[in-house]
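This report refers to the structure that appears directly beneath it.
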Amino acid sequence: VILSDKELRERVPDLDDLPRETVPKVDSINAVVWCHNKNADQIVADLGNRLGLGARTSDELLAALDAEPRQLSIVVDALDEAAEAEAPRIAANLIRPLAARAGVKVLVATRRHPVRTKEGAAGSDLLAALGVGAKDSNLLVLDNARDRVRDMRAYVAARLMATAEPGRTTPTPYSNDPELAERLAERIAAAADTSFLVAAVTARSLALEERAIDPATEKLWLPTSAGAALASYIDRLPDPGAAVDVLRPLAWAEGAGLPWGPLWAPLAGALARAAAPGEPAVRYDDDTVAKVLDSATDLVVESLEAGEPVY
């Protein structure tokens with residue numbers, strides 16, 4: 001998706017070194033939708049808007065595509081993170097018919113089972129809902145990718161050295177020592193196992209330190225779960241308590257996220273009081289929210305809902 005976007009691909013370092021067959025043409029992807037906490041109707045409306053079709057129901061969207069002369073490529077991300085009980089519906093009633101249309105290609109990123117299920121209910125098999133078999137040639141299981149370990153180590157080393165941050169003006173403790181970054185990346189990748197999220201957050205946490213850590217000469221605790229990695233990251237922020245309070249409303253937000261506006265700071269204070277009822281009330285303002293967003297950039301995803309940015 002990044003490589004198909006003209007502006008985003010210009011930020012990719014060493015683009016010319018990538019195998020030519022892995023680099024898509026600019027604007028080769030016509031629409032990208034993020035399913036996080038959304039229902040089927042929201043996904044249909046999002047796709048209709050991004051494709052310029054104005055459809056509001058799946059039947060309208062599919063009918064519009066039948067009359068569409070363009071060859072279309074669509075990316076659906078985080079299908080498993082859709083609203084409760086919605087992922088199988090989106091897969092079977094929208095994505096599968098979309099992919100069956102002539103001239104339409106759909107790339108889906110998903111875990112095999114939904115993240116959100118009703119309490120006590122067994123998770124649906126999203127591969128089955130998509131009509132994809134476990135051995136189908138069009139299925140790529142990233143955990144089994146041939147170069148997964150090598151790729152993760154390279155990714156972590158780049159995060160430690162901040163080589164993929166062209167706008168960065170200050171070096172990390174590892175920026176001028178690639179050999180150390182590679183050795184530390186090996187340890188981080190081993191602890192993270194198959195989770196790029198754990199590896200990425202851990203690398204970013206260590207890059208925030210004032211000095212480098214050499215795993216060959218120093219004892220080093222590394223998180224093995226997302227919760228531990230996120231906690232370690234937050235502990236290194238200028239004001240960990242405020243960061244937790246300001247980010248807490250995002251965990252409760254419905255849809256794609258929480259919009260910037262007059263609700264965020266009051267919500268942070270109200271939820272902080274609910275989380276620690278015996279503690280003195282805390283008041284936050286927009287400046288606090290902005291500071292947390294600036295320092296905790298790696299923990300926040302910015303998306304669009306109804307044309308407005310949400311977090």
Side-chain angles (χ1 to χ4, degrees), residues 1-2 13 34-37 77-82 87 108-117 123 126 140-165 168 172-175 177-178 180-216 218-238 240 243-244 246-248 250-253 257 292-293 295-303 311:
V1 171
I2 290 174
W34 188 40
C35 296
H36 179 75
N37 218 13
D77 192 18
L79 170 63
D80 55 296
E81 297 178 16
V108 182
T110 184
R111 297 178 180 88
R112 184 157 188 167
H113 301 286
V115 172
R116 296 175 176 83
T117 57
L126 294 180
L140 174 63
V141 181
L142 294 183
D143 286 350
N144 299 336
R146 181 183 59 188
D147 298 324
R148 180 187 62 79
V149 174
R150 186 188 68 184
D151 289 346
M152 181 180 284
R153 289 175 182 173
Y155 173 70
V156 171
R159 296 282 289 185
L160 288 169
M161 296 186 291
T163 55
E165 301 177 38
R168 188 184 181 97
T172 76
Y174 306 92
S175 294
D177 195 341
L180 174 57
E182 289 172 6
R183 286 194 285 111
L184 184 55
E186 183 176 355
R187 291 282 301 275
I188 293 172
D193 194 20
T194 60
S195 176
F196 270 81
L197 172 62
V198 172
V201 175
T202 302
R204 188 61 172 164
S205 298
L206 293 173
L208 291 174
E209 295 282 7
E210 293 183 358
R211 68 176 188 87
I213 297 176
D214 188 340
E218 301 179 61
K219 288 185 178 180
L220 181 63
W221 173 85
L222 293 171
T224 58
S225 67
L230 293 171
S232 178
Y233 179 99
I234 290 174
D235 285 343
R236 289 172 165 86
L237 296 178
V244 170
V246 169
L247 295 175
R248 187 180 284 114
L250 304 189
W252 289 94
V292 170
L293 283 179
S295 63
T297 303
D298 296 278
L299 304 184
V300 180
V301 174
E302 181 179 337
S303 184
Y311 301 86

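Everything numeric here is computed off the predicted structure, so don't read it as measured data.
Minimum heavy-atom separation, Glu218 to Ala212: OE2-O, 4.0 Å. Here the closest non-hydrogen pair linking Ala203 and Arg159 is CB-CB, 3.7 Å. Between Pro240 and Asp235, the shortest heavy-atom contact is CG-O, 3.8 Å. In terms of heavy-atom proximity, Ala243 sits nearest to Leu237 at CB-CD1, 3.7 Å. The shortest non-hydrogen separation linking Ala207 to Pro173 is O-CD, 3.4 Å. Among all heavy-atom pairs drawn from Ser175 and Met161, the shortest one is OG-O, 3.1 Å.
Contact annotation: the side chain of Thr172 never approaches that of Leu160 to less than 4.5 Å [non-hydrogen atoms, C-beta and beyond]. Residues Ser205 and Ile234 fail the side-chain proximity criterion, which asks for heavy atoms closer than 4.5 Å. Contact check for Thr224 versus Asp193: no side-chain heavy atoms found under the 4.5 Å cut-off. In this structure, Leu142 and Phe196 have side chains that are not in contact, with every pair of non-hydrogen atoms separated by 4.5 Å or more. For the pair Leu222/Leu206, a side-chain contact is recorded, criterion being any heavy-atom separation below 4.5 Å from C-beta on. Residues Val108 and Leu126 fail the side-chain proximity criterion, which asks for heavy atoms closer than 4.5 Å. Annotation: side chain of Leu184 is in contact with side chain of Leu220 (closest heavy-atom distance under 4.5 Å).
Atom OH in Tyr174 sits 4.5 Å away from atom CD1 in Ile213 (nearest 0.5 Å). Separating the CZ atom in Arg204 from the OG atom in Ser232 is a distance of 13.5 Å, to the nearest 0.5 Å.
In this structure, the side-chain hydrogen bond (donor to acceptor under 3.5 Å, both in side chains) partners of Tyr233, at least two apart in sequence or on a different chain, are Asp298. Not counting sequence neighbours, the partners of Glu186 by the salt bridge (charged side-chain N to carboxylate O under 4.0 Å, His left out) test are Arg153. Under the side chain to side chain contact (heavy atoms under 4.5 Å, CB included) criterion, Ser225 pairs with Ala228, sequence neighbours left out.
With hydrogens and angles ignored, the 3.5 Å screen pairs a side-chain donor or acceptor of Thr297 with a backbone N or O of Leu293.
Other residues, nucleotides and ligands place no more than 12 heavy atoms under 6.0 Å from the CH2 atom of Trp252.
A side-chain contact (heavy atoms from CB on, under 4.5 Å) with Thr202 holds for exactly one of Ile188, Leu230, Leu197, Val156; it is Ile188.
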